[in-house]
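Naming convention: chains lettered A, B, ... in sequence-line order (proteins, then strands); numbering from 1 in each chain. This is a predicted model, so every value here is computed, not measured.
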Protein chains: 2
Amino acid sequence: MWLAPVTSCILPSGRPAYPFRLRRVGGTVAERPLYQRIAEELRLKIETGELSPGSLVPPESQLTVDYKASRNTIREAVRWLKDLGLVDTQPGRGTTVISKPVPFEITLTPDSETGFGGGEGAAYIAEVQAQNRVARAGSPKVEIHKAKGRIAEELGLAVDAEVISRHQQRYIDDTPWSLQTSYYPVDFVARGATRLLSADDIEEGTVRYIEGALGIKQASYTDRITVRAPDVNEVAFFDLPANGSVPVFQTYRTARDTEARPFRLTVSVFAADRNEFLLNVDLTDMP
Amino acid sequence: MWLAPVTSCILPSGRPAYPFRLRRVGGTVAERPLYQRIAEELRLKIETGELSPGSLVPPESQLTVDYKASRNTIREAVRWLKDLGLVDTQPGRGTTVISKPVPFEITLTPDSETGFGGGEGAAYIAEVQAQNRVARAGSPKVEIHKAKGRIAEELGLAVDAEVISRHQQRYIDDTPWSLQTSYYPVDFVARGATRLLSADDIEEGTVRYIEGALGIKQASYTDRITVRAPDVNEVAFFDLPANGSVPVFQTYRTARDTEARPFRLTVSVFAADRNEFLLNVDLTDMP
DNA sequence: GCAAATTTGTTCGTATGTATT
DNA sequence: CAATACATACGAACAAATTTG
């Protein structure tokens, strides 16, 4: 079997991109490490369809023979593919080529019909149904704690001011889809929004409920979208590979009233391998 | 030294989240693997500040002594932290705790002053300057090729219709920041937008240029935000860890004219560790 | 339902190569 | 050049999860 040497690789300034770099040894160009060349061979087989999504990659014992390398080296090659999100391994079962799920599309801009922000309440349910899927939410876990860091900052509260948090697990077609936590100033309860403390779903959506109970009307919101490695809870809930090779989206949504005062912060976490975000922007009423 | 066993771990249905799961062996709860417990110890030292960002983690040889584990096991622990994006390793130098750069904020919704979409032309320059940084772009690489897959789809063209692509590397403060490729139907040139073929920067922005040359006015756009592992070119350009532990954002922006016909597709790639996206949504003129 | 076979996961040992200081 | 530190590669043994007979 012949492993093609790599012949082109862009080299930017700065720290060398070891071990992708073509290594020069004694004036001649050295090859990339064995495990990377094996990984490249396997990657080609996946991309050409020789190994189709869902099918089993030959077991390590077989690859050891095929590529005349030790088992550890084969494992490094497979690990490389795993890190790239191309395969998944399970003890006892084997290594399967990943078949990417049809991503769920989350529209972050408001629905022009309902005015609901994407990923929330009625708009969320509607969007799930529009994609012919079934939405389900776990019952909220309600807590009161002191606002720290970004939570206090986004809500415009003093550090250590008390906030109500409402945490929910959400599912689509019974697969875990998002973890969502909303934070409200604790004085909303004293002012009459007592259902915020109840561990029942607020059917009409908390934004509508707060408008009815307190007269606070949502006039705008800001989303902040970041990506990071999942923590232990997220790995367990979304059933992600434990090594963090599948990242998660984390969105911060700060809702503001007509005076531009923030009154709600919602932190949502989505697995990045099964979601994408959409934005629809209309420029016709811009200057 | 005492390594704390893990006492709580959410177990969802479906495939067990090996190896995070508490393993039961003969009726007793087994511990997580040694390398994960060592990684956890080190992670704690990082998060409590005992190992501060930028500082060197003790070398493998020292950790071998500290934790009474073999060098391979230590390497597994360090690899775990590397995959989580907490440390970076360099041969000869050592293992450093990552100091996260101040993320650059990209506003995807249009600027209410200029009407420019986020991350583009004038709005991009302005946003960079507003964050006290310096923007620079490489000269465009112009190509003509046949539209494939999503490119044809988003532009509403037949598969294999020809498109112009304009590819640019962009820098902020001289660090590589984004890779951007815009696609236009090839007949734009015949209709008069000849500068699209020139490898010179189009100062006023291509959207403005097309409006002047062809009378096509941008009335709306749609963004699609996804996350994936970087490819080899992106690893080299952004100087990312070669194992794909830092993912990239990929955004598809489809610009439409007043008749809602797509006329431009821009694909941008950003390193996810140094960027975040912002959305500003005004609901006051919604129903 | 159980036992055996298969397959990946963990851990050790050892040697050598490459990059940086 | 020498010392230090991480990277690659091989061999070996046992554990844990799954599938198969």
Inset, instruction - Among the candidates C:dT20, D:dA17, D:dA9, find the nucleotide nearest to the side-chain atoms of B:Asn72. - result: D:dA9

Legend entry - Listed nucleotide nearest any side-chain atom of B:Arg75, set D:dT8, C:dT20, C:dT10: D:dT8

Inset, instruction - Let me know which of B:Phe277, B:Phe270, B:Phe238 forms a ring pair (Phe, Tyr, Trp, His ring centres under 6.0 Å) with B:Phe249. - result: B:Phe277

Inset, instruction - State whether A:Arg79 and B:Glu76 are salt-bridged, where the test is any N-O pair (Lys NZ or Arg NE/NH1/NH2 against Asp/Glu carboxylate O) under 4.0 Å. - result: yes

Inset, instruction - Among the candidates C:dT7, D:dC10, D:dC6, find the nucleotide nearest to the side-chain atoms of B:Pro91. - result: D:dC6

Inset, instruction - Find the distance B:Arg93:CZ to D:dC6:P and express it as a whole number of Å. - result: 11 Å

Legend entry - Salt bridge B:Arg43-B:Glu47, side-chain N to carboxylate O under 4.0 Å: yes

Legend entry - Side-chain N,O (B:Thr89) to OP1/OP2 (D:dA5) below 4.0 Å: no

Inset, instruction - Examine A:Arg136 relative to A:Tyr171 and say whether NZ or CZ is less than 6.0 Å from the centre of the six-membered ring and inside a 45° cone about the ring axis. - result: yes

Inset, instruction - Kindly point out which of D:dT8, C:dT7, D:dG11 is positioned nearest to the side chain of A:Ser70? - result: D:dG11

Inset, instruction - Can you figure out which of D:dT8, D:dA9, D:dA7 approaches the side chain of A:Leu34 most closely? - result: D:dA9

Inset, instruction - Looking only at side-chain atoms of B:Thr73, point me to the closest of C:dT21, C:dC12, D:dC6. - result: C:dC12

Legend entry - Minimum-distance nucleotide (side-chain atoms of B:Arg71 versus C:dG9, D:dC6, D:dT19): D:dC6

Legend entry - N/O donor-acceptor pair, side chain A:Arg79 with base C:dG9, under 3.5 angstrom: no

